[in-house]
Amino acid sequence: MKKWIQFSKTEGETSHQAHTNMPNGTFEREMGKEGFFGPATHFYHTHAPTGWTSFEGPLRPHAFDFGKAKQDGSCPLKAQLMLQNASCKISMWSTDKAMDHLVRNGDGDLLLFVHNGDGDLFCDFGRLPYTDGDYILLPRSTMWRIEPKAKTDLLMIEAVNDSFMLPDRGMLGNHAIFDTAVLQTPRMDDAFCKQQTKAGAHDPWTVMVKRRDAISTITYPFNPLDAIGWKGDLLPVKLNWRDIRPVVSHSYHLPPSAHTTFVSRRFVICTFVPRPMESAKEALKLPFYHNNDDFDEFLFYHRGDFMSRDNIHEGMTTLHPCGFTHGPHPKAFARAEANAGKMTNEVAVMVDARDALDITDAARAVEWDDYVKSWGGHTAIAAE
Ligand SMILES: [Fe+2]
């Protein structure tokens with residue numbers, strides 16, 4: 001048996017509630033455990049915690065332009081692996097060609113996020129059309145291929161030896177933040193039946209299988225996507241971010257965990273979609289400074305203007321390893337106050353990983369080295 005040392009104490013000048021009515025001229029910082037669910041303390045600083053003048057050593061904030069990663073469009077198993085740990089692999093893959101073979105991941109569930117493009121995904125279960133902004137969850141060992149209608153850029157997230165599930169919706173009820181009725185599943189339609197091998201025809205197909213990170217090739221004299229039916233509750237599902245109806249508050253900046261979309265054992269995936277910014281005068285309108293000390297935080301910027309970041313464009317990513325405080329960029333405070341109550345238009349995918357993410361050479365090759373300096377010059381705000 002174990003339990004947290006849990007009681008609330010206050011010292012010095014503070015706000016009465018987190019993220020509201022901060023003492024004049026202060027920056028709030030949350031130091032917390034368990035990814036916004038555990039014990040936490042809020043500090044009220046007179047200088048921005050990101051106001052460093054130098055940052056030496058192996059720990060630092062990172063930004064990468066995943067859109068510039070070199071690509072081999074022939075096979076998703078050749079996708080560029082960008083970040084990884086024992087339970088999570090994050091890759092980027094681009095192609096404009098129809099795949100001439102099938103792939104199958106024997107190492108865990110795979111989640112595709114369609115950054116750009118549209119087309120069809122064919123798998124054991126049928127055909128699933130896709131478009132930008134779709135998540136496609138492929139259970140471990142699903143055989144699949146894609147036929148793009150437009151160049152397709154996929155962010156690929158693998159739950160190694162694990163599954164993707166939905167978070168507990170608790171007080172929100174069963175139908176927030178999206179009704180599971182919006183989840184789409186593949187259909188055995190005419191296009192699916194048409195790609196099946198005709199009786200007696202010689203129609204060789206290969207299946208590239210990844211297991212323990214090694215690739216094996218299985219060849220058949222027919223297309224193995226030949227099922228004429230299926231029944232069950234283990235299925236690929238598709239969810240577009242446009243069907244996510246975010247939880248918001250006019251007077252309280254909700255933590256990223258309120259936007260959790262999928263969970264596995266050692267990481268969670270959150271989706272930030274357009275929402276009205278907080279409008280109450282006393283409310284913080286940006287992510288609070290924090291060191292989320294039990295998690296490494298990865299963000300993929302998909303669409304829109306990124307309110308709390310400067311010099312970040314679509315297809316870029318950031319990695320904030322645990323161990324230091326991060327938070328909004330300098331110009332964001334004035335922008336946020338000026339836009340109180342208006343809609344944000346940003347769409348981003350976040351991976352919060354319980355274990356440290358390693359950066360691959362492919363990611364290093366597209367890293368923006370000066371990202372660590374991008375908070376420069378912002379150390380204090382004028383008291384009201
Ligand atoms: Fe964060």
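A donor and an acceptor atom, one from each side chain of His290 and Glu28, are nowhere located under 3.5 Å apart. Residues Thr131 and Asp118 bring no donor and acceptor atom of their side chains to less than 3.5 Å of each other. A side-chain donor from one of Thr152 and Tyr130 sits under 3.5 Å from a side-chain acceptor of the other. Under 3.5 Å, the side chains of Glu297 and His320 contain no donor-acceptor pair of N or O atoms. Looking at Arg140 and Asn161, their side chains do bring a donor and an acceptor atom within 3.5 Å of each other. Side-chain contact, Thr261 with Thr271: a donor N or O sits under 3.5 Å from an acceptor N or O. In this model, no donor atom of one side chain and acceptor atom of the other lie less than 3.5 Å apart for Ser15 and Asn21.
In summary, the aromatic rings of Phe125 and Trp230 are positioned with their centroids under 6.0 Å apart. Within the 6.0 Å centre-distance limit, the rings of His302 and Phe113 are counted as a close aromatic pair. Annotation: Phe272 is in aromatic contact with His259 [ring centroid separation under 6.0 Å].
In this structure, Lys210 places its NZ atom where more than 12 heavy-atom neighbours from other residues, nucleotides or ligands lie under 6.0 Å away. Counted within 6.0 Å of CE on Met31, heavy atoms from surrounding residues, nucleotides or ligands total 12 or fewer; the atom is thus considered open.
Using a 4.5 Å heavy-atom threshold, the side chains of Glu346 and Asp305 count as separate. Between Pro129 and Arg127 the shortest side-chain heavy-atom distance falls below 4.5 Å. Using a 4.5 Å heavy-atom cutoff, the side chains of Ile269 and Val263 are not in contact.
Among the candidates Phe66, Phe267, Phe64, the single residue satisfying the ring pair (Phe, Tyr, Trp, His ring centres under 6.0 Å) test with Phe298 is Phe66. Applying ring pair (Phe, Tyr, Trp, His ring centres under 6.0 Å) to His115 and the options Trp93, Tyr135, Tyr301, Phe300 leaves one that passes, Phe300.
With rounding to the nearest 0.5 angstrom, the OG atom of Ser264 is 9.5 Å from the CZ atom of Arg266.
Linking ILVMFWY residues whenever their side-chain heavy atoms come closer than 4.5 Å, directly or via other members, leaves Ile90 and Leu112 in distinct clusters.
Taking the six-membered ring where tryptophan is involved, the planes of Tyr371 and Trp368 are tilted, since the angle between them lies from 30° to 60°. Between Phe288 and His19, the angle of the ring planes stays under 30°, which puts this pair in the parallel group of the 30/60° scheme.
Of the possible donor and acceptor atoms, one in the side chain of Thr360 sits under 3.5 Å from a partner among the backbone N and O of Met82. Lys149 contributes no side-chain N or O that, together with a main-chain N or O of Glu147, makes up a donor-acceptor pair within less than 3.5 Å.
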Taking distance alone, no hydrogens or angles, what donor-acceptor pairs closer than 3.5 Å link side-chain atoms of residues 69-77 to residues at least two apart or in another chain?
unit_1	atom_1	unit_2	atom_2	d
Gln71	OE1	Ser94	N	3.3
Gln71	NE2	Met92	O	3.0
Asp72	OD1	Ser74	N	2.9
Asp72	OD1	Ser74	OG	2.7

